[in-house]
Asks: 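Take a look at this one; I'll ask things after.
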2 protein chains.
Amino acid sequence: MAERKRRLVANELTEAALQLLALKGFDAVTIDEIATTAGVSKRTFFRYFASKEDVVVQFLADMGADMRAELAARPAGERPAEALRHAVAVPIATCADHSDRALRVVQLILRTPALHARFLERQAQWRDDLAAELAHRLGLDPDSGLYPRLAAGMALNAFDAVLDRWSGSDGGEDPNELIEHAFAVIAPALDTA
Amino acid sequence: MAERKRRLVANELTEAALQLLALKGFDAVTIDEIATTAGVSKRTFFRYFASKEDVVVQFLADMGADMRAELAARPAGERPAEALRHAVAVPIATCADHSDRALRVVQLILRTPALHARFLERQAQWRDDLAAELAHRLGLDPDSGLYPRLAAGMALNAFDAVLDRWSGSDGGEDPNELIEHAFAVIAPALDTA
DNA sequence: CCCTTCATGTCACTCGGTGACATCTTGACA
DNA sequence: TGTCAAGATGTCACCGAGTGACATGAAGGG
């Protein structure tokens, strides 16, 4: 129940942060401001988040784990393009569900260089995870060929492109159509291994 | 000739920075240290570089322009996979030439999260440039289909994978072989448009 | 009722990064 | 040669991110 309080404070902080950052822009909001709004001190903020960027990027952190889990759950015989498409579709669907909030966060990230950089770095981790899972799935040695890594990279590249178009159109374009379109392009490379 | 002096100071600064950063690690070196080593003040450092990361990433900055230029220079009828492979090969060849220095810089970037993040962000810019060039090359509307962006992303993705392997093997693996291997994987998607 | 533990606040500090201002160089021009 | 304008630099003061040390205070367990 101490644990419950921790999660409560964390929520309060992300809430305050997203609100303020979306409203005034990344650089115009200080951590003191965020912390005070959430009712804690600046020091406490840093006990929950490692950096100012983290409070935003963390908001999307589970996506990586979700994707890997979905990939691991796909049937063994399924073609890589199909399996990866389903894996990438999971976080996209999550976005589409909470489109109000998710859209604002994604736009904030893509438009703020500091956040975008951190986001890409995190994605590099996802890519390695996906590559490992894919290699395991196909019975390949992850360190010999480049295929697993390239395939995972292509999937995430598609993910980024979709996210970009989706946020650029203010949620107007249909994410599912975009994903299918993107995977139609990359599938020939994914499925010829 | 004032311009020549500026370039001289800039060189002095990057020199000092790369030396110290590679030696002691990114976080263990202050900007005061770098500036003093180069014989200028901290303030002057920031008149040449926007941030601590910049002095390292800038070192690879021309790569983006080089790639785009090479892509623009490839014969019009050439298949995308071939043209992009040559474009990506340019910075790789540059690395292989100055392998002593380039290797240390690349390793520093890939191992330092803050630098890696900035590097990826810069690459996103390269990707958009490449995508624009590719769209122009193929007579496509850059904003309608996802192909140009995905193709550029795949090429850079291959670039990253090669860089990663090359630096991970301390320059042991042959970059040219790695590039061919990587493009053999992604070519089916690049050339089916 | 005490004691331990854990979260928090406060304080002081380092360092990245910026704006303002004074100084110094340098080259142009009379 | 003397002067003036422009640009580069140093100094100083400042803000904000991030960290370490320490004291406090609340919850739970004996």
Side-chain angles (χ1 to χ4, degrees), chain A residues 1-21 23-59 108-109 112-119 121-122, chain B residues 1-21 23-59 108-109 112-119 121-122:
Chain A
M1 38 192 84
E3 188 52 31
R4 220 178 307 168
K5 190 186 178 187
R6 271 193 70 82
R7 233 168 292 161
L8 203 95
V9 176
N11 275 349
E12 205 78 29
L13 278 169
T14 48
E15 214 58 32
L18 294 183
Q19 164 90 22
L20 290 173
L21 292 177
L23 188 66
K24 303 171 53 175
F26 187 76
D27 295 318
V29 180
T30 72
I31 298 211
D32 260 316
E33 224 173 324
I34 298 173
T36 305
T37 303
V40 297
S41 73
K42 165 187 155 190
R43 194 63 184 87
T44 295
F45 175 93
F46 284 108
R47 290 196 176 98
Y48 283 83
F49 301 99
S51 70
K52 195 176 174 184
E53 290 91 19
D54 243 40
V55 71
V56 182
V57 175
Q58 188 88 338
F59 190 68
L108 179 64
I109 290 178
T112 309
L115 289 174
H116 193 207
R118 290 290 164 187
F119 179 61
E121 197 203 347
R122 192 164 286 245
Chain B
M1 41 190 79
E3 188 53 31
R4 221 179 305 169
K5 188 184 179 187
R6 271 192 71 82
R7 234 169 290 162
L8 202 95
V9 176
N11 276 348
E12 206 78 28
L13 279 169
T14 48
E15 215 58 32
L18 294 183
Q19 164 90 21
L20 290 172
L21 293 177
L23 188 66
K24 303 172 52 175
F26 187 76
D27 295 319
V29 180
T30 71
I31 298 211
D32 260 315
E33 226 173 323
I34 298 173
T36 304
T37 302
V40 297
S41 72
K42 167 185 155 191
R43 194 62 184 87
T44 295
F45 175 94
F46 284 108
R47 290 195 176 99
Y48 283 84
F49 301 99
S51 70
K52 196 177 173 182
E53 290 91 19
D54 244 39
V55 70
V56 183
V57 175
Q58 188 88 338
F59 189 68
L108 179 65
I109 292 178
T112 307
L115 289 174
H116 193 205
R118 289 292 164 185
F119 179 61
E121 196 204 348
R122 192 165 286 243

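The figures here come from the full heavy-atom set of this structure, side chains too, leaving out hydrogens, waters and symmetry mates. Because the structure is a prediction, the values reported are computed rather than measured. Every chain is numbered from 1 and lettered A, B, ... according to where its sequence line falls, protein lines coming before strand lines.
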Asks: Give me the residues of residues 5-12 of chain B where at least one heavy atom lies under 4.0 Å from an atom of DNA chain D, by number, or none.
Replies: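 Output list: R6(B), V9(B).
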
Asks: To the nearest 0.5 Å, what is the distance between CG on L18(B) and CD1 on I34(B)?
Replies: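 So the CG of L18(B) and the CD1 of I34(B) are separated by 9.0 Å.
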
Asks: Can you measure from NZ (K52(B)) to CZ (F45(B)) and round to the nearest 0.5 angstrom?
Replies: 8.5 Å

Asks: Check whether any side-chain nitrogen or oxygen of Y48(B) sits under 4.0 Å from OP1 or OP2 of dT9(D), and answer yes or no.
Replies: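 Result: yes.
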
Asks: My understanding is that only residues two or more places apart in sequence, or in another chain, count here; which of them pass side chain to side chain donor-acceptor pair (under 3.5 Å) with E33(B)?
Replies: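 Only K24(B) meet the side chain to side chain donor-acceptor pair (under 3.5 Å) criterion with E33(B).
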
Asks: So, using side chain to side chain contact (heavy atoms under 4.5 Å, CB included) as the criterion, who are the partners of N11(A) when residues are at least two apart?
Replies: T14(A)

Asks: Return the residues of residues 39-47 of chain A meeting this criterion: a heavy atom under 4.0 Å from some atom of DNA chain D. Order them by number, or give none.
Replies: K42(A), R43(A), F46(A), R47(A)

Asks: Could you give the distance from CD (E121(B)) to CG (L115(A)), rounded to the nearest 0.5 Å?
Replies: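 Interatomic distance, E121(B) CD to L115(A) CG, rounded to 0.5 Å: 10.0 Å.
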
Asks: Nearest 0.5 Å please: distance from the CD atom of Q58(B) over to the CG atom of L13(B).
Replies: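 Spacing of CD (Q58(B)) from CG (L13(B)) equals 12.0 Å.
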
Asks: Is there a residue in residues 49-57 of chain B whose heavy atoms reach under 4.0 Å of DNA chain D, and which residues are they?
Replies: none

Asks: What's the NZ-C1' distance between K24(A) and dG16(D), to the nearest Å?
Replies: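 The distance from NZ of K24(A) to C1' of dG16(D) comes to 14 Å, rounded to the nearest Å.
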
Asks: Nearest 0.5 Å, what's the OG1-CG distance between T112(A) and L21(A)?
Replies: 8.0 Å

Asks: On DNA chain C, reading 5' to 3', which nucleotide is the first and which the last to sit with an atom under 4.0 Å from a heavy atom of chain A, could you check?
Replies: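 Reading along DNA chain C, I get dA7(C) to dT10(C).
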
Asks: Kindly indicate whether the side chain of R43(A), heavy atoms from C-beta on, has any atom under 4.5 Å from the side chain of R47(A).
Replies: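 The answer is yes; the side chains approach within 4.5 Å.
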
Asks: What are the two closest non-hydrogen atoms of A114(A) and F26(A), and how far apart are they?
Replies: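 Heavy-atom minimum between the residues: CB-CE2, 4.2 Å.
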
Asks: Does K42(A) use its side chain to pair, donor to acceptor, with the backbone of T30(A) at less than 3.5 Å?
Replies: no

Asks: How long is the span from the CZ atom in F119(A) to the CZ atom in F59(A), to the nearest 0.5 Å?
Replies: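 Rounded to the nearest 0.5 Å, the CZ-CZ separation comes to 12.5 Å.
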
Asks: Give the minimum heavy-atom separation between F49(B) and A10(B), together with the two atoms involved.
Replies: CZ-O, 4.1 Å

